[in-house]
Amino acid sequence: MIALADCNNFYASCERVFQPKLEQKPIVVLSNNDGCVIARSNEAKKIGIPMGAPAFKMEELFENNGVHVFSANFALYGDFSQRVMNTMRTEVSAMEVYSIDESFMDFSNVALPKEKALEIRGKVKLWTGIPISIGVAPTKALAKVANHYAKKFTVDGVLVLEKASHISRALKKLPVQDLWGVGKRYAKFLSQRGVVTAYDLVGLDEGWIRRNMTVGGLKLVQELKGVSCFAIQESSPRKKNICTARSFGRKVKSACELKEAVSAYANTCSEKLRAEGSCASLITVFLATNPFDSSQPQYGGSRKIQLSTPTNDSLEIVKAAIETLKQIYKPGLIYKKAGVVVSEIVPENQVQLSLFDGVDRRKRKCLMNSVDQINKRIGKNKVRLAVQGFDRKWRLKQEHLSPCYTTRFTDLLTVSL
DNA sequence: TCTGGGGTCCTAGGACCC
DNA sequence: TCTGGGGTCCTAGGACCC
């Protein structure tokens with residue numbers, strides 16, 4: 001048996017932990033740049049605020065319903081995620097962290113799954129303040145289904161799906177698009193063929209599924225029949241791509257500002273590589289104008305640069321990114337977004353060195369180590385490259401940011417007696 | 001004025017190899 | 001008249017996840 005734990009309305013719940021007066025109140029969390037709604041408390045869902053709705057179109061609705069609006073605070077959510085995962089890890093022998101707010105847990109040796117799940121749920125709430133729901137079933141895909149019902153229809157937030165009759169009853173009531181692995185396109189394609197529920201999908205010919213929904217669809221159907229195709233993966237495989245990209249908080253025209261932004265993103269990619277113990281040899285830079293602004297000329301450019309030696313050195317990666325940016329930059333346009341992707345990733349200790357390499361890599365590694373350690377101790381980006389800029393006018397718009405209660409000393413909660 | 005930011009996997013088709 | 005069979009690698013695009 002496999003359990004899937006999923007935090008309820010995770011970002012909204014994080015915002016509530018240190019502001020208990022927000023219990024029972026509608027909360028929404030906005031994406032970067034306060035762009036669109038990415039998380040909603042149950043109360044906000046009831047008001048009819050859709051997921052992904054642009055915030056500027058919702059202002060009246062927010063106002064009229066007393067909705068508490070937050071800018072995304074990923075430092076806070078990331079820290080809470082770790083606390084939740086660490087708490088769950090004390091209870092099970094094997095666990096896979098699947099996303100920032102979800103984990104699969106091995107329940108194969110759990111005698112009383114329902115009781116165990118309730119215990120975990122209670123412990124996470126007590127230790128972290130975050131409410132979670134847990135679904136337990138024979139496979140991952142079925143655990144997802146169980147979790148779906150646990151969240152929607154149970155009082156205690158836990159559902160075990162084990163008996164065949166219970167499983168087929170659950171599948172009969174589940175719209176096919178609510179399945180893990182069935183998105184909008186497949187849902188439309190299937191409904192045109194009369195496949196509406198998960199149960200309908202399971203009844204189809206497997207050859208047909210394979211032809212029309214690839215092996216991914218076939219594995220999903222197998223899992224729904226109780227045949228496990230997805231094992232619990234305790235350690236995450238090395239990333240194949242690492243991307244840092246942002247929309248700008250305001251219009252950006254000048255090459256100089258773009259250079260600052262792209263340098264900052266390239267530096268972040270380098271930091272992510274170092275944190276993973278990886279190096280990359282392909283750097284891609286892209287930029288784009290605002291696709292929603294039809295009054296302006298549109299442009300999207302991207303270009304790659306191949307490095308002869310894989311690296312995670314900020315100086316090298318930033319330099320390569322700036323060179324690449326110069327090749328795709330067109331003056332006179334209003335840019336809205338830029339990003340850097342690093343790929344062709346290899347482990348740091350398996351880098352193929354070049355005979356003609358001019359860089360003193362040992363020395364550089366020491367430098368990067370020092371920078372990382374200092375920044376870890378006294379704050380992000382305290383030591384950085386000058387090219388990353390100082391006023392950073394292009395940075396995110398975050399008008400409703402909550403304090404980083406758990407990751408920044410100056411933001412610690414104060415209590416007056 | 002204002003619409004996010006990460007990822008993965010699969011497939012088809014073209015170019016090329018022997 | 002008649003033109004094989006087996007591969008790999010790369011890319012773009014599509015689908016999905018959170």
Side-chain angles (χ1 to χ4, degrees), chain A residues 4-7 9-11 28-39 49-60 62 69-74 77-78 81 96-104 140-141 144 147-148 176-190 209-220 229-230 233 236-252 261 265 268-269 272 276 282 284 286 288-296 302 304 306 334 336-345 395-400:
Chain A
L4 173 68
D6 188 325
C7 300
N9 314 322
F10 182 52
Y11 299 166
V28 297
V29 177
L30 305 181
S31 62
N32 278 340
N33 276 315
D34 296 343
C36 45
V37 175
I38 55 168
I49 300 167
M51 185 70 166
F56 73 94
K57 288 185 182 173
M58 295 279 119
E59 268 161 22
E60 217 182 306
F62 292 164
V69 179
F70 290 92
S71 303
N73 184 344
F74 289 109
Y77 312 150
S81 175
E96 171 185 345
V97 177
Y98 177 67
S99 75
I100 193 164
D101 72 330
E102 281 173 82
S103 80
F104 289 103
K140 278 186 169 180
K144 275 267 186 188
N147 186 282
H148 177 86
V176 74
Q177 69 261 32
D178 288 350
L179 280 170
W180 186 40
V182 177
K184 250 185 178 169
R185 305 298 283 264
Y186 280 148
K188 192 179 166 199
F189 171 79
L190 289 168
I209 301 263
R210 173 70 183 81
R211 282 192 302 280
N212 291 284
M213 297 174 71
T214 80
V215 298
L218 184 58
K219 283 181 182 170
L220 167 65
C229 299
F230 306 119
Q233 293 192 311
S236 52
R238 191 173 299 275
K239 281 199 174 64
K240 295 174 178 173
N241 303 287
I242 291 175
C243 172
T244 306
R246 297 284 181 281
S247 297
F248 304 127
R250 59 167 197 138
K251 289 171 178 167
V252 169
Y265 304 157
T268 303
C269 282
K272 289 178 184 174
E276 287 223 335
L282 191 64
T284 308
F286 63 89
T289 54
N290 184 354
F292 294 100
D293 189 352
S294 50
S295 70
Q296 292 292 328
S302 103
K304 297 167 187 177
Q306 180 81 49
I334 300 170
K336 183 62 185 168
K337 184 175 182 173
V340 175
V341 187
V342 294
S343 43
E344 294 189 351
I345 289 173
R395 73 184 183 279
L396 294 177
K397 179 177 148 196
Q398 294 175 310
E399 288 176 356
H400 312 280

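Nothing here was measured: the structure is a model prediction, and the numbers come from that model. By convention in this document, chain letters (A, B, ...) are assigned in the order of the sequence lines, proteins followed by strands, and residues within each chain are numbered from 1. Only heavy atoms go into these numbers, but all of them, side chains included; no hydrogens, no water, no symmetry mates.
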Dot-bracket assigned to DNA chain B with the 3.5 Å Watson-Crick/G-U criterion, [ ] for crossing and | for other-strand pairs, is ....||||||||||||||
Name the nucleic acid region contacted by A/Leu179, choosing base, sugar-phosphate or nothing; use a 4.0 angstrom heavy-atom cut-off, strictly under.
sugar-phosphate
The side-chain contact (heavy atoms from CB on, under 4.5 Å) partners of A/Lys397 (sequence neighbours excluded) come to A/Asn33, A/Asp34, A/Glu399
When all nucleic acid strands are considered with a 4.0 Å heavy-atom cut-off, which category describes A/Lys184: base, sugar-phosphate, or nothing? sugar-phosphate
Contacts of A/Tyr77 meeting ring-ring contact (aromatic ring centres under 6.0 Å, His included) (sequence neighbours excluded), chain-then-number -> A/Tyr11, A/Phe74
* Asked: So what does A/Arg210 hit on the nucleic acid, given a heavy-atom distance under 4.0 Å: a base, only sugar-phosphate, or nothing?
  -> sugar-phosphate
5'-most contact on DNA chain B (nearest-nucleotide basis), A/Ala55 vs A/Arg246, goes to A/Ala55
A/Arg395 meets the salt bridge (Lys or Arg N to Asp or Glu O under 4.0 Å) criterion, sequence neighbours left out, with none
Side-chain atoms of residues 211-218 of chain A: list all donor-acceptor pairs with protein atoms under 3.5 Å, sequence neighbours left out, distances to 0.1 Å.
unit_1, atom_1, unit_2, atom_2, d
A/Arg211, NH1, A/Gly207, O, 3.4
A/Asn212, ND2, A/Trp208, O, 2.9
A/Thr214, OG1, A/Gly216, N, 3.3

Chain A reaches DNA chain B, atoms under 4.0 Å from its heavy atoms, from B/dC2 to B/dT11
Next item on the list: Tell me what A/Asp34 touches on the nucleic acid: a base, only sugar-phosphate, or nothing, going by heavy atoms under 4.0 Å.
Entry: nothing
Categorize A/Arg250 for me: base, sugar-phosphate, or nothing, with a 4.0 angstrom heavy-atom threshold over every strand shown. nothing
Practice task
Could you check whether A/Glu59 gets within reach of a base, just the sugar-phosphate, or nothing at all, counting any heavy atom under 4.0 Å?
Solution key: nothing
